[in-house]
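Beneath this line is the structure, given in structure tokens, with notes to follow.
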Amino acid sequence: MIVGVLVQLSNKSVDRIFDYKVPSFLIPKIKVGLRVEIPFGYQKLEGFILEIKENSTHDQELKEIIRILDEEIILSEELLQLGKWMQEQTISTLISCYQVMLPKALKAKQGSSVAKKYDTYYRLGKIENEKLNAKQQEIIDCFNKEDCIKKEVLTAISLSSVKTLVKKNILIPEQKEHYRVLYNSEIENKYPLTKDQSKVVKKVLTAEKTNVYLLHGVTGSGKTEVYMELIEDTLKNDKTSIVLVPEISLTPQMVDRFTKRFGNQVAAIHSGLSEGEKYDEWRRIYRGEAKIVIGARSAIFAPLHHLGMIIIDEEHSDSYKQEDKMPRYSAIDVAIYRGKVNKCPVIMGSATPSLGTYARCEKGVYSLLELPNRVNGKNLPDVELIDMNGEIKKGYNYFSKRMIEKITEKLEKKEQMILLLNRRGYSSFVTCKNCAHTIKCPNCDITLTYHKANKMLRCHYCGYATFLPTTCPECRENALSTLGVGTEKIEEELKKLFQEARILRMDVDTTSRKGMHKKMIEAFKNHEYDILLGTQIVAKGLDFENVTLVGVINADTSLNIPDFRSSENTFDLLSQVAGRSGRSEKKGEVVIQTFNPKHYAISYVKNHDYYGFYKEEMNIRKILKYPPYYYLVYIKISGKDYTLLEKESQKIKKSLEKYLQNTIILGPSPAFIFKINNIYRYGIILKYKKEENLYPTLKKMDDHYKSSTSVKVEIDFNPIHF
Ligand code: ADP
Ligand code: ZN
């Protein structure tokens, strides 16, 4: 017997199948999808069995596999096929497509430290005319209610009696795997669905199972409740579900609602879990003990069997695309693929759908489901736009007159508020008032951010940190000033204006410790604070009854980012954060401060007019030939040698021009951040509607550079960031 093995090495030049012989004693255990240890050159490596065959086309003498590493198949047939499809779609290495599916513990070189844990349980053996003392009888009586009892429960009655009973074979020990994660399994009652919700649920359950849906529902319209109802039905049919959320550690309230409804049938996979915990969850899913998986992007690869429902919440979120490394995949594309294979519905939900998704609904590719109103007739909050140009003239600085009035009013009424500032740190950057020098990162071409708490300048890209110098490094004058505003600065100003207010600041800096985010949310919910001030973190998914004011300090920050999606992102962010206000009985209000009140990305937020924004933005995309009218590919070319890089980039462009006749080719141009960690980066952008030669041409280019050490070429389909 011969097996074809894919080696766990992330090196493009060995990303193919190598044949090995199977020693006869291992033959009965060999299956496709198992991991094996193999000799590879002078090393011992891990790999996946992808093929089983009788003959090899290699004429050399084959080596033998050393051992099998798994008892159970790690990659099911479905996932093996999915990996191959992803490799084609994203032009990635096959091994990267499989590795992204697995918890770290199952990847080479990282697995050894994570062990399974076990607990001892006892079952009752035969009792034949034994004389038992009172303690022993008490222990045995425990088995009237349960067949299998944890050791600690019995030894609490009497350790010595347990020992005696074990010796007499009356108690039979049994090892059971101990999973590190446990959920509160207090099941809460559910609400009866509203008319609108029932209509949506019915539509999905009675239609073609393979449909892809967009659930367009305003904030607080009860989308989550719809998801849970659909999942309940899926469970009834003995099938499993995946729920994708943008960043799960940022959505503890969502996980909470699912575990309260479905208890231990839920597995939540997130970055807050240790590797051991992730591995446990993976196995719980694999064995069918967890039937609902909630997680961020990579949870779409959950090894569930009988998949019956896929839900993607906040489908417009950037986080569903992996861009920083191979495979550069979209979890939404993978979801649709798995939906087809498993013949199950895919539901994408959002209050502000991405333009591309909405456009596909208009074209009839996806089916549109709508929840146009908040649950039980509650109104969406009133939104006021404040023109900061006028306010600054009147002498108001960070807060407009209106914002100050509203905050004062809410404090008096003992209601809570959320303030959004889309930027962390004390101020964004440091410049010299004398020579206008700005302090940048020596490794990256990016301005350093000032953090007042420890008087440090930090690079948010590479992590470089340095103390704020006393004089300008360029002109030596004592003229450095901190410009721009960050959350720390706003917190300080708030404290000056509202001395009695209790302020909770939430941003990447204050929530980086494990569990902090969840604690903060709970504290705010318990009204231990009046004001929640934060970055984008506060915009998503939070549901607080007592919040009646949402204030946006500066709506323009995200508008100024040079990106064709900046309007869409701004509209989304403002609509999302506005949706945090007035979610319960009390009426909600929103005050948005901006220097561009007439900009359509801001003005449509006022009337919660998604469709108005959509129409206007689609027009612009059409004129500028951007998605969803055109597809984009970004080709990143990077290296340490600046001159060589420039030459190769031009060469790539020339050859693309030759083969891609129906494509607009832009660049090569220096990337938005030209230098990161001393590596220079160029980019070429491709825009096309239909290009038959695209995949073969890009594949050839990728192959050409695959063993180059001086120039690295990376291909990103449908990029989010450039
Ligand atoms: P969305 O996900 O669209 O923002 P949610 O599902 O979070 O909306 O619902 C908003 C609020 O309304 C939540 O507090 C939720 O518990 C409540 N809710 C949802 N559906 C119902 C219902 N059918 N009856 C009563 N309350 C509901
Ligand atoms: Zn840097």
Side-chain angles (χ1 to χ4, degrees), residues 186-205 213-233 241 243-248 250-262 266 292 294 309-317 347-354 357-358 368-381 416 418 521-522 524-527 536-548 550 572-588 590 605 608 610:
E186 271 171 53
I187 310 288
E188 276 192 2
N189 285 340
K190 59 177 188 182
Y191 299 107
L193 293 188
T194 65
K195 253 196 207 133
D196 282 351
Q197 286 171 324
S198 304
K199 217 166 89 188
V200 164
V201 169
K202 199 168 156 209
K203 216 164 158 183
V204 175
L205 296 183
Y213 299 89
L214 167 64
L215 173 56
H216 181 208
V218 297
T219 53
S221 59
K223 294 186 288 296
T224 311
E225 219 56 39
V226 166
Y227 303 153
M228 293 198 287
E229 194 68 20
L230 289 171
I231 287 173
E232 193 167 307
D233 187 85
S241 313
V243 181
L244 293 187
V245 290
E247 290 152 273
I248 194 166
L250 301 185
T251 42
Q253 287 189 324
M254 178 101 168
V255 175
D256 218 45
R257 280 169 73 179
F258 273 82
T259 51
K260 279 191 174 136
R261 175 97 166 244
F262 300 110
V266 174
I292 305 160
I294 306 182
M309 184 70 62
I310 303 176
I311 291 183
I312 304 166
D313 190 35
E314 311 281 3
E315 68 78 38
H316 60 277
S317 166
I347 320 273
M348 301 188 263
S350 178
T352 53
S354 75
T357 301
Y358 203 86
L368 183 63
L369 306 166
E370 288 181 299
L371 291 175
N373 301 305
R374 279 192 164 175
V375 172
N376 296 339
K378 280 165 218 152
N379 287 324
L380 283 164
Q416 288 170 287
I418 294 178
I521 287 177
E522 270 154 25
F524 190 66
K525 196 167 189 116
N526 295 337
H527 207 160
Q536 296 100 304
I537 298 181
V538 302
K540 288 178 203 155
L542 297 177
D543 192 6
F544 301 111
E545 283 184 8
N546 196 37
V547 169
T548 55
V550 162
D572 287 357
L573 179 68
L574 296 178
S575 306
Q576 294 287 339
V577 74
R580 303 306 118 211
S581 186
R583 290 174 72 87
S584 197
E585 297 314 315
K586 297 170 198 159
K587 174 103 188 103
V590 181
V605 176
H608 308 282
Y610 171 81

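For ligands, and for the atoms within them, numbers begin at 1 and follow the listed sequence.
A donor-acceptor contact shorter than 3.5 Å links the side chain of S581 to the backbone of T548.
In summary, the side chains of N379 and K587 do not present any donor paired with an acceptor at a separation below 3.5 Å, with no hydrogens or angles considered.
Using a cutoff of 4.0 Å between basic side-chain nitrogens and carboxylate oxygens, E229 and R261 are scored as salt-bridged.
Pairing each heavy atom of S317 with each of P246, the nearest pair is OG-CB, 3.5 Å.
Partners of R257 by salt bridge (charged side-chain N to carboxylate O under 4.0 Å, His left out), not counting sequence neighbours, listed by chain and number: E225.
Atom CG of L230 sits about 10.5 Å away from atom CD of Q197, to the nearest 0.5 Å.
Around ligand 1, the residues contributing at least one heavy atom under 4.0 Å from the ligand are Y191, P192, L193, T194, Q197, V218, G220, S221, G222, K223, T224, E225, R257, V375, N376, D543, R583.
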